[in-house]
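Keep in mind it's a predicted model, so treat the numbers as computed, not measured.
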Amino acid sequence: MNTLQNRIRTAFYKGMQVQFFISLISLPVLVAWGLPFSLMTVIGNLFFTPFLMLFLLISSLIFFLQLLALPNQWCIAALEKIYALWMYLLQFGSMRWLYGIDQMGLIICTLTACAALIILQHKYLGRPKKSVPLFVLLLIIPFLYQTARSWFSKETSICCIKKTIDLKSNRGKINAYDRGALGEKKSSGTWVQYTLLSEALKKCGCLQFDTIECPYPNPNSLKGLYALCNHASIDRISIHHPYTRSKEYKKEFEKLKQVAQEKKIVLEQIAFQTKGH
């Protein structure tokens, strides 16, 4: 019994060692690319790895049974159940689990990654049971830096083509004032997802928005706001409607209104602008 317990304990520490080491090594890459880090990474990987292995095993079994012209209905049914359970569990995910580090913290992340490599190669400290607490401490350091840095306000702007969106971060949240950048491209949703959020994370170190003010909206702006609602945490959106609104504008606004209700985002509508504005 003791032997079994020791094996389980050893396997657990080895798994945790691998997960924390991978997190430390990948953190500088995430920061350099402007991508957030999920607090559920380690737990999620440990939890979903058996699901993934079982999914691949059954998928392979279905493939070979199909080649041999043997019955595989029960395998397909099992695969569908695993997929349904997986998708059900993913619904409990939250954008608030995502935390970022600005580019100033890239040096700290690189140093912690190098320290993790040194610890792993050490004869005594590299043992799973000894290295896991050290890896946890190293992983906490960059986020302690970002927490302290978030108390200092910072102002910056992100340019799309010619127009900009102004950002002001304070205490881990961003206030944004759109000067037309959200509506400058037809593919505004793509620009928001792959450029705006990445640059905001690099410069501000967070992806949680307090208020987004949009005084010059058009249909593309609403598409950009819709993408923001789906890929970032937002408390409030303030829109100054134009004097005239096209059918496309009304359609996109209804989509934005619906997603705001689903995400529990306050959608504030300011009185229509006059023609002269």
Problem set entry | Sub-4.5 Å side-chain heavy-atom contact between Ile234 and Lys263 | no

Exercise. Is the closest side-chain heavy-atom distance between Ser59 and Leu79 below 4.5 Å?
Worked result: yes

Problem set entry | Residue pair Ile108 / Ile101, side-chain heavy-atom distance below 4.5 Å | no

For this session: Could you note down all residue pairs passing ring-ring contact (aromatic ring centres under 6.0 Å, His included) where residues 141-187 supplies at least one of them, sequence neighbours left out?
Result: Phe37-Phe143

Exercise. Is it true that a side-chain atom of Asp102 and a backbone atom of Gly105 form a donor plus acceptor pair closer than 3.5 Å?
Worked result: yes

Exercise. So does Ile107 have more than 12 non-hydrogen atoms from other groups sitting under 6.0 Å from CD1?
Worked result: no

Exercise. Between Lys185 and Cys160, what is the shortest heavy-atom contact and its length?
Worked result: CG-SG, 3.8 Å

Exercise. Does Glu184 use its side chain to pair, donor to acceptor, with the backbone of Ile161 at less than 3.5 Å?
Worked result: yes

For this session: Show your reasoning for whether side-chain contact (heavy atoms from CB on, under 4.5 Å) applies to Val136 and Met16.
Result: CA-CA 10 Å; Val136 172; Met16 295 298 289; over 6 Å; no

Exercise. Is any side-chain heavy atom of Ile237 less than 4.5 Å from a side-chain heavy atom of Cys229?
Worked result: yes

Exercise. Do Leu256 and Ile239 come within less than 4.5 Å of each other through their side chains, counting heavy atoms only?
Worked result: yes

Exercise. Does a salt bridge link Glu268 with Arg236, judged by any charged N lying under 4.0 Å from a carboxylate O?
Worked result: yes

Problem set entry | Intermediate values then yes/no, side-chain contact (heavy atoms from CB on, under 4.5 Å), Val192 and Leu182 | CA-CA 8 Å; Val192 163; Leu182 287 177; 3.7 Å; yes

Problem set entry | Residues forming a side-chain contact (heavy atoms from CB on, under 4.5 Å) with Cys206, sequence neighbours excluded | Ile174, Cys204

Exercise. Going only through I, L, V, M, F, W and Y residues with side-chain contacts under 4.5 Å, is there a path from Ile118 to Val132?
Worked result: no

Problem set entry | Nearest-0.5 Å distance, NE2 of residue His241 to SG of residue Cys214 | 10.0 Å

Problem set entry | Steps toward side-chain contact (heavy atoms from CB on, under 4.5 Å) verdict (Leu197, His231) | CA-CA 8 Å; Leu197 292 178; His231 295 95; 3.6 Å; yes

Exercise. Do Lys173 and Asp235 meet the salt-bridge criterion of a basic N to acidic O distance under 4.0 Å?
Worked result: yes

Exercise. If you group Ile, Leu, Val, Met, Phe, Trp and Tyr whenever their side-chain heavy atoms sit less than 4.5 Å apart, what else falls in with Leu68?
Worked result: Leu61, Leu65, Leu70, Trp74

Exercise. Within a strict 4.5 Å, meaning less than it, do heavy atoms of the Leu222 and Glu248 side chains meet?
Worked result: no

Problem set entry | Ser131 side chain reached by Phe20 side chain, heavy atoms, under 4.5 Å | no

Exercise. Just wondering, more than 12 heavy atoms not from Glu254 lying within 6.0 Å of its CD?
Worked result: yes

For this session: Report yes if the side chains of Glu252 and Asn220 come closer than 4.5 Å at any heavy-atom pair, otherwise no.
Result: no

For this session: State whether a side-chain donor-acceptor pair under 3.5 Å links Ser221 with Asn218.
Result: yes

Exercise. Given the rule that I, L, V, M, F, W and Y join up when any side-chain heavy atoms are under 4.5 Å apart, are Leu120 and Ile140 in one cluster?
Worked result: yes

Exercise. Which of parallel (below 30°), tilted (30 to 60°) and perpendicular (above 60°) describes Phe135 and Phe21?
Worked result: tilted

For this session: Tell me, yes or no, whether the heavy-atom count around Lys154 atom NZ, taken from other residues, nucleotides or ligands under 6.0 Å, exceeds 12.
Result: yes

